[in-house]
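Have a look at the structure below, then the notes.
Only heavy atoms go into these numbers, but all of them, side chains included; no hydrogens, no water, no symmetry mates. Note that the structure is predicted; figures quoted are calculated from it, not measured. Each residue takes its place number in the sequence, starting with 1.
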Amino acid sequence: MVKISTDADFGPFGGTADFEQTQIVATALVGYELPINVANMQLYATGGLRYQHNKVELGIDPVFFPAIDRSGSQSWADPIVGLTMHYDITNKWFVDVMADVGGFGVASDITLQGTATVGYNWTDSLASSFGYKALYTDYEDGGFQYDATQHGVFTRLAVKF
């Protein structure tokens, strides 16, 4: 979940404006291990769905005019296909890389995602990793248009059971 907000005061006459945007992105995948002959590497073909929900709230309260409050939200789900690779550098250190593409005009015109991480196995059931992720989506429905790229670093904790 991502939440962005800001508040502003209007110059010498006063008044305020408040803006808040909330985004939820959830991806569900299934995979099939591809038969490759590379030591310590697993490669999977994946398929699934990416759900995105965006909500925006805007409030403007000028001193000499009536206040205005507006809000709106939009949700959609895209089919996606991709590849996921896991490579064990040692029995403790590993690299994970994932890329997918989707949308195909079903909901989004296109959605693309890629991640790369370096991780460490603390025990047989606990691992953590640090990586970089990028997500691009081009979606339009009626008067709503969402064409955005989000990217940045992230951390992950995995519990295996």
Distance-only donor-acceptor pairs under 3.5 Å for side chains of residues 63-74, two or more places apart:
| from | atom 1 | to | atom 2 | distance (Å) |
| --- | --- | --- | --- | --- |
| Gln74 | NE2 | Tyr139 | OH | 3.1 |
| Gln74 | NE2 | Asp141 | OD2 | 3.1 |

To the nearest 0.5 angstrom, please state how far the CG atom of Leu126 sits from the NZ atom of Lys160.
8.5 Å

Same apolar cluster: Met41 and Val95, side chain cutoff 4.5 Å
yes

CD-CG distance between Gln52 and Leu135, expressed to the nearest 0.5 angstrom
5.5 Å

If you compare all heavy atoms of Ala39 against all heavy atoms of Tyr87, which two are closest, and at what distance to 0.1 Å?
O-CE1, 3.5 Å

Looking at OG1 of Thr155 and CZ of Phe130, how far apart are the two atoms once the value is rounded to the nearest 0.5 Å?
8.0 Å

Please give me the minimum heavy-atom distance between Pro79 and Phe104, naming the atom from each residue.
O-CE1, 3.8 Å

Please determine whether residues Val38 and Leu83 belong to a single hydrophobic cluster, defined as Ile, Leu, Val, Met, Phe, Trp and Tyr linked transitively by side-chain heavy-atom distances below 4.5 Å.
yes

Taking the side chain as everything from C-beta on, heavy atoms only, tell me whether Tyr132 gets closer than 4.5 Å to Thr115.
no

Spacing of OH belonging to Tyr44 relative to CD1 belonging to Ile36, to within rounding of 0.5 Å
9.5 Å

Shared hydrophobic cluster for Val106 and Val81 (ILVMFWY, side-chain gaps under 4.5 Å)
no

Is it true that Val97 and Val118 fall in one hydrophobic cluster, defined by side-chain heavy atoms closer than 4.5 Å?
yes

Quick check: closest heavy atoms across Phe94 and Ala127, and the distance to 0.1 Å?
CE2-CB, 4.1 Å

Closest non-hydrogen atom pair, Tyr51 against Ser75
OH-OG, 3.3 Å

Between Met98 and Phe154, is there a shared hydrophobic cluster once you connect ILVMFWY residues whose side-chain heavy atoms come closer than 4.5 Å?
no

Got a donor-acceptor contact below 3.5 angstrom from the Thr123 side chain to the Ser125 backbone?
yes

Between side-chain atoms of residues 4-26 and protein atoms elsewhere (two or more places apart, or another chain), which donor-acceptor pairs fall under 3.5 Å?
| from | atom 1 | to | atom 2 | distance (Å) |
| --- | --- | --- | --- | --- |
| Gln23 | OE1 | Gln150 | NE2 | 2.7 |
| Gln23 | NE2 | Tyr146 | OH | 2.9 |

Side chains of Thr137 and Thr111: do they bring a donor and an acceptor to under 3.5 Å?
yes

Where do Asp78 and Ser108 land on the side chain to side chain donor-acceptor pair (under 3.5 Å) test, with the steps shown first?
CA-CA 7 Å; Asp78 289 308; Ser108 297; 2.7 Å; yes

Tyr120 and Ser129: side chain donor to acceptor below 3.5 Å:
no

Closest heavy-atom contact between Ala107 and Ala77?
CB-O, 3.3 Å

Interatomic distance, NE2@His151 vs CD@Gln113, rounded to 0.5 Å, equals 14.0 Å

Would you list the pairs meeting salt bridge (charged side-chain N to carboxylate O under 4.0 Å, His left out) in which at least one residue belongs to residues 84-102, sequence neighbours left out?
Arg50-Asp100, Asp96-Arg156

Nearest-0.5 Å distance, CG of residue Leu29 to OG1 of residue Thr84
6.5 Å

